[in-house]
Amino acid sequence: MIALLLLVLALSSHNEAANILYAIPFTSKSHNIMLRPIGLELARRGHNVTMITGYEEFDTPPNFHQVVADNTTIWEATGTGRPNVFTTVDNTPEEFHHQLLWKGNLAQTEISLKSPEVQKFLQKDNQYDLVISELFFQEATYMLAHKYNAPLILVTTYGNCMKHNMLVRNPLQLASVLPEFIRVEEPSSFWGRLRSLYFTCYDYVWWRYWYLNKQAELAKKYIPNLKEPMPSLIEMQRNASLVLVNSHFTFDGPMALLPNIIEVGGLHFKESTKPLPKDLQKAMDSAKHGVVYMNFGSNVRSSELSKEKKDAFLKVFGQLKQTVLWKWEEDDLPNKPDNVIIKKWMPQKDILSHPNVKVFIAHGGLIGMQEAIYHGVPVLGVPIYGDQFNNLLTAKQQGFGNILDYHDINEQNIAALLHDMLKDRSYKDKAEEISRRFLDRPVSALDTAMFWIEYVIRHKGAEFIKNPAARLSWIEYNMLDVYAFVLAIAAAAVLAIVKVAMGLQKVFTLSKIDSRKKKHH
Ligand SMILES: *[C@@H]1O[C@H](CO)[C@@H](O)[C@H](O)[C@H]1NC(C)=O
Ligand SMILES: *[C@@H]1O[C@H](CO)[C@@H](O)[C@H](O)[C@H]1NC(C)=O
Ligand SMILES: *[C@@H]1O[C@H](CO)[C@@H](O)[C@H](O)[C@H]1NC(C)=O
């Protein structure tokens, strides 16, 4: 009787709760902000979640397990240390990939995989119903799905990119969908599209024929007990059941997406429940003319601005009627005007939710942009690297943002842009309109992600949702063989017609000559 009861319990729990491995070892604070709610929410729903992460969670439920990987950052991993990020502002996206993304992520992936806790975990004889992995530059972790013979779900922390389009065979849409890392003012102009094509080819060739091989070597070296034959990482990615993308068409623009590419932009939003620290609350409440909030995110430190640029901000801020909150990473800010409040860390969500915030001066990272959108706050952005320029360009085109190029930072330019944005009501109106659009969905972003993850679990990998085109070769998928055949037939037909015409012409001229000859006689 008891055995039967246990069996029933085991079966029912098996149906409801899955054993999920969530591998997100990449150590970037902003990636973690977006990714952690997925693991925590899965656990809240009763799944047995095991998260491989560089950022340990505390106060977790008993069905939430952690494998804490080494938290060395990508900058430290490259061996060069963290540079003054402002010095990288002129790097091309190609240089950005070579110097940081590829080099740093190979090193960082290796450091994560060989962390003692991760190695100890991988030696154990665990079983998982599902592996979820971040789609960034740690593709070696996809091999965990092969190790545990489980379906694979990928999550990106940023919007569109070549990789998720190309690999699950979503149309690339190069004319309208920009690679996230390039910097062009007019994406759909001829030069914009040419740049987009060039970068996509460059990125693809290096990534597919060099980077992925390196990642596969890491998987082989550090993930024990991989069954032969080992699939390639391309095959692993192509066979992913689902790709969750941190975008939403109301901000990122509409594009064609397969049914297994799901937009979950904004899933990290939560109503702010914690009150602001007392001093900030008081300062913000009493700011009659509003608040300007400046924060360049977790990676870019405003304290590393050059002296002239720092002074330019201070001069302009000092002349404002508004209160300024500035995330400043040092103890002291010389010549700080009285209306400027500095703190090494700012509770961003809670600040942005305050009705008195007028403008957010930011670097354009996607997480911060989404928080500004959520709260309907206009953004003045200084893009430094990655997708920041494109996020800000989108905000500018939509009428709730402006771009201040790093090299153009001076008193005059800051004042002109800031005064314009503080005076012109249209920025705020637009920001609020985008906010309403972004949040107007049948279900919240996090619940959308949960629905589709559980959908894949219920349908055991949901083989049927995968694009059948993924199984075709590149030639078949692009119809090149068929086009070549049609062209050959058309060419043959044209050739035949030309031949016949030439033949007829010959006959005709001969008969003309003939008839002339006859006349002469
Ligand atoms: C839950 O996951 C942990 C860690 O991966 C594992 O040790 C444990 O056996 C799992 N529990 C169940 C009920 O599957
Ligand atoms: C990295 O982990 C160590 C403990 O292993 C911890 O003391 C440190 O605060 C962590 N660093 C970050 C940036 O999370
Ligand atoms: C693709 O994934 C499914 C599980 O979702 C698995 O059964 C299948 O073997 C995989 N195919 C390849 C070619 O890896």
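These numbers come from a predicted model, not from an experiment. Counting convention: from 1, in listed order, for ligands and their atoms alike.
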Please say whether the positively charged group of Lys309, taken as NZ for Lys or CZ for Arg, lies over the ring of Tyr406, i.e. under 6.0 angstrom from the six-membered ring centre and within 45 degrees of the axis.
yes

Check whether any side-chain N or O of Glu371 sits under 3.5 Å from a backbone N or O of Leu352 as a donor-acceptor pair, and report yes or no.
no

Taking N or O atoms only and a 3.5 Å limit, does Asn239 qualify as a polar contact for ligand 3?
yes

Heavy-atom contacts with Lys466 under 4.0 Å: which atoms of ligand 3 show up? List them by number with element.
1 (C), 2 (O), 3 (C), 5 (O)

Check each atom of ligand 2 against the heavy atoms of Asn71 and keep those under 4.0 Å away; list them by number with element.
1 (C), 2 (O), 3 (C), 8 (C), 10 (C), 11 (N), 12 (C), 14 (O)

Just to be sure I understand the cut-off, which residues have at least one non-hydrogen atom under 4.0 angstrom from an atom of ligand 1?
Asn19, Asn48, Thr50, His65, Tyr128

On the six-membered ring of Phe438, is Arg441 placed so that its NZ or CZ lies under 6.0 angstrom from the centre and within 45° of the ring axis?
yes

Can you tell me if Gln138 uses its side chain to pair, donor with acceptor, with the backbone of Ile24 under 3.5 Å?
no

Checking Gln215 side chain against Leu106 main chain: does a donor-acceptor pair fall under 3.5 Å?
no

Show the atoms of ligand 3 that are less than 4.0 angstrom away from any heavy atom in Pro151.
5 (O)

Glu463: numbered ligand 3 atoms lying under 4.0 Å from its heavy atoms
2 (O), 3 (C), 4 (C), 5 (O)

Face-on cation placement of Arg458 at Phe451 ring, 6.0 Å and 45° thresholds
yes

Side-chain donor/acceptor of Lys327 to backbone N/O of Lys343, under 3.5 Å
no

Can you name the ring pair (Phe, Tyr, Trp, His ring centres under 6.0 Å) partners of Phe58, sequence neighbours left out?
none

